[in-house]
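Note sheet for the following structure.
Here is the naming used below: chain letters follow the sequence lines, and residue numbers restart at 1 for every chain.
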2 protein chains.
Amino acid sequence: MTRILVVDDEPQILRALRINLRARGYDVEVADSGAAALKAAASHPPDLVVLDLGLPDLDGTEVIRGLRGWTTVPIIVLSGRAGSEDKVAALDAGADDYVTKPFGVDELLARIRAVTRRLAPATPAVPALRVGRNTVDLADRTVTRDDGTEVRLTPTQWAMLEKLLRNPGKLVSQRQLLRDVWGPGYEQETNYLRQYMAQLRRRLEDDPARPRHLITEPGMGYRYRP
Amino acid sequence: MTRILVVDDEPQILRALRINLRARGYDVEVADSGAAALKAAASHPPDLVVLDLGLPDLDGTEVIRGLRGWTTVPIIVLSGRAGSEDKVAALDAGADDYVTKPFGVDELLARIRAVTRRLAPATPAVPALRVGRNTVDLADRTVTRDDGTEVRLTPTQWAMLEKLLRNPGKLVSQRQLLRDVWGPGYEQETNYLRQYMAQLRRRLEDDPARPRHLITEPGMGYRYRP
DNA sequence: AGCCCTCGTGAAAAGCGCGTCAAGAATGCG
DNA sequence: CGCATTCTTGACGCGCTTTTCACGAGGGCT
């Protein structure tokens, strides 16, 4: 399900959007300030952000930049200001669309469909990847051993494995992994990586001490080798 | 260069957009009817389409559908009609953005930047460079010998090799290399360069004693010769 | 020709990153 | 509210990477 983070300080707008979006089958999370938005996005990355520019604590473009620093999630900006310079500033800060209030809910929904439509083909079903004697299905988040038993992974283990498997053969830097899995602010905690990489190898690799697929590139990062 | 197809039946708007977009460094092609637009797009696919909905021959959404039938090129719609149903129809037909006339050129340009920004990472030039009997893939961070075995490089070796390979044929001064790889304050440690250049040649060059690609320019620096 | 500077090479010392074990804190579930 | 799972944090030894030192060869300059 598409997960949308709605950021607005006006309770009635927040309420109206939440109801409308939920009715359309979206998974809605809300935040009523810039700081709360950044925190929510970091702890649980959404698939799309609807952001009101008139927030009490942070300037809207600051919030956009804060998000863009580590994620490419689509951002649709709502604003009461129709000025050209405001639009340009928000769009160049990294927003994908800019809707001027008052706006029709139909229009916002159509724009949400437009930007999410672009995203869908970005993940062109990579159905079955092999790691050792296991088959990993990213679509329905399952790992099956060749003997038929299932391997259970925790959310963090999944996030890390998925990041690696979605870049087959490519080096994923430690910083990138930490940012994508734990969020910005964790770039230094390389011990997390060692911890969870060991867990993944224990579960997936044939010989955890001599990994053949989940490869360490010393000093740089990790790599999934098909 | 980004190639933009502008579709509008009003000559003065066509002219204004062409001039403005050209001035911004875009490659502009124009069409004054829906039929002409479809034909132009087919014969020479653009990177982006700016489409006025009020065309004489075809309905705007028809043009969008005609394009969407075979291409995912971004489409920004211009329209004099601010009605919600028009926007929804155009966006759901496959448009990426909808701008209501009269619009500021600055805003249109910002929206063009916003949609093209999404496209850029789709074509990240994959530079596969050759050094001796090895293929260096800077994107994946891999070095593969012609016999299929992988060559492992340490972070410092990578940093140095990358700096040279990203400037093919160009001389990279010792100072520049030292600053980029080790940081400022190491400009005098030319022995590092000798040390690591020897390591790279040993791993990559056919005959490390007689390098053919990683060339020393005595007294100045090093050069990668393709 | 002789000198000096720079480059290539080898080898040893120092430092750091990685894997691993272990235990406490937080979270979710019944 | 108690239990189990998961996440966070700390510590340690080993191996590899980096750093440092030393020496010989080659080329340019006076």
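Contact check, A:Tyr192 against D:dT9: a side-chain N or O comes under 4.0 Å of OP1 or OP2. Remark: A:Trp182 is in phosphate contact with D:dT8, judged by side-chain N or O atoms under 4.0 Å from OP1 or OP2. At the phosphate of D:dT18, OP1 or OP2 sits under 4.0 Å from a side-chain N or O atom of B:Thr154. Distances shorter than 4.0 Å separate some side-chain N or O of A:Thr156 from OP1 or OP2 on D:dC7. Look at B:Gln174 and you won't find any side-chain N or O under 4.0 angstrom from OP1 or OP2 of C:dT6.
With A:Arg111 as the fixed residue, the side-chain hydrogen bond (donor to acceptor under 3.5 Å, both in side chains) test singles out one of A:Asp106, A:Thr116, A:Asp97: A:Asp97.
Open room surrounds CZ on B:Arg133; 12 or fewer heavy atoms of other groups in view lie less than 6.0 Å from it. At most 12 non-hydrogen atoms from other residues, nucleotides or ligands lie less than 6.0 angstrom from CZ of A:Arg175. Shown here is A:Arg130, whose CZ atom has more than 12 heavy atoms of other residues, nucleotides or ligands within 6.0 Å.
Over its full length, the helix from C:dA1-D:dT30 to C:dG30-D:dC1 turns its helical axis through 40°, comparing axes from the five pairs at each end and rounding to 10°.
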Within the sub-3.5 Å range, which N or O atoms of nucleotides 20-22 of chain C have a protein N or O partner, and how far apart are they?
residue, atom, partner, partner atom, Å
C:dA22, N6, A:Gln195, NE2, 3.0

Atom pairs under 3.5 Å: protein N/O with N/O of nucleotides 25-27 of chain D:
none

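Ionic pairing of A:Glu150 and A:Arg145 is not present here: no N-O contact between side-chain nitrogen and carboxylate oxygen is shorter than 4.0 angstrom. Contact check on B:Asp207 versus B:Arg212 returns no salt bridge, with no Lys/Arg side-chain nitrogen under 4.0 Å from an Asp/Glu carboxylate oxygen. Remark: B:Asp180 engages B:Lys163 in a salt bridge, criterion side-chain N to carboxylate O under 4.0 Å.
Computed from coordinates, the B:Tyr196 OH to D:dT20 P distance equals 10 Å when rounded to whole Å. Protein atom CD1 of A:Ile215 is 14 Å distant from nucleotide atom P of C:dC18, rounded to whole Å. For the pair A:Leu178 CG and C:dG17 P, the computed distance is 14 Å after rounding to whole Å.
Residue contacts shown for B:Tyr222 are limited to sugar-phosphate atoms, with no base heavy atom under 4.0 Å away.
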Under the side-chain contact (heavy atoms from CB on, under 4.5 Å) rule, what do A:Leu108 and A:Leu17 come out as? Steps first, then yes or no, please. CA-CA 10 Å; A:Leu108 178 62; A:Leu17 287 179; 3.6 Å; yes
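The shortest side-chain heavy-atom distance between B:Arg203 and B:Val143 does not fall under the 4.5 Å cut-off.
The nucleotide whose nearest atom lies closest to any side-chain atom of A:Arg152 is, among D:dT5, D:dT19, C:dG19, D:dT5.
Side-chain N or O atoms of A:Arg117 include one that pairs as donor or acceptor with a backbone N or O of B:Gly94 at under 3.5 Å.
For B:Trp182 and B:Tyr196, the ring centers are positioned less than 6.0 Å apart.
With DNA chain C read from its 5' end, the first of the two nearest nucleotides for B:Pro211 and A:Glu217 is the one closest to B:Pro211. Judged by closest nucleotide on DNA chain C, B:Thr216 is the one of A:Met197 and B:Thr216 placed further toward the 5' end.
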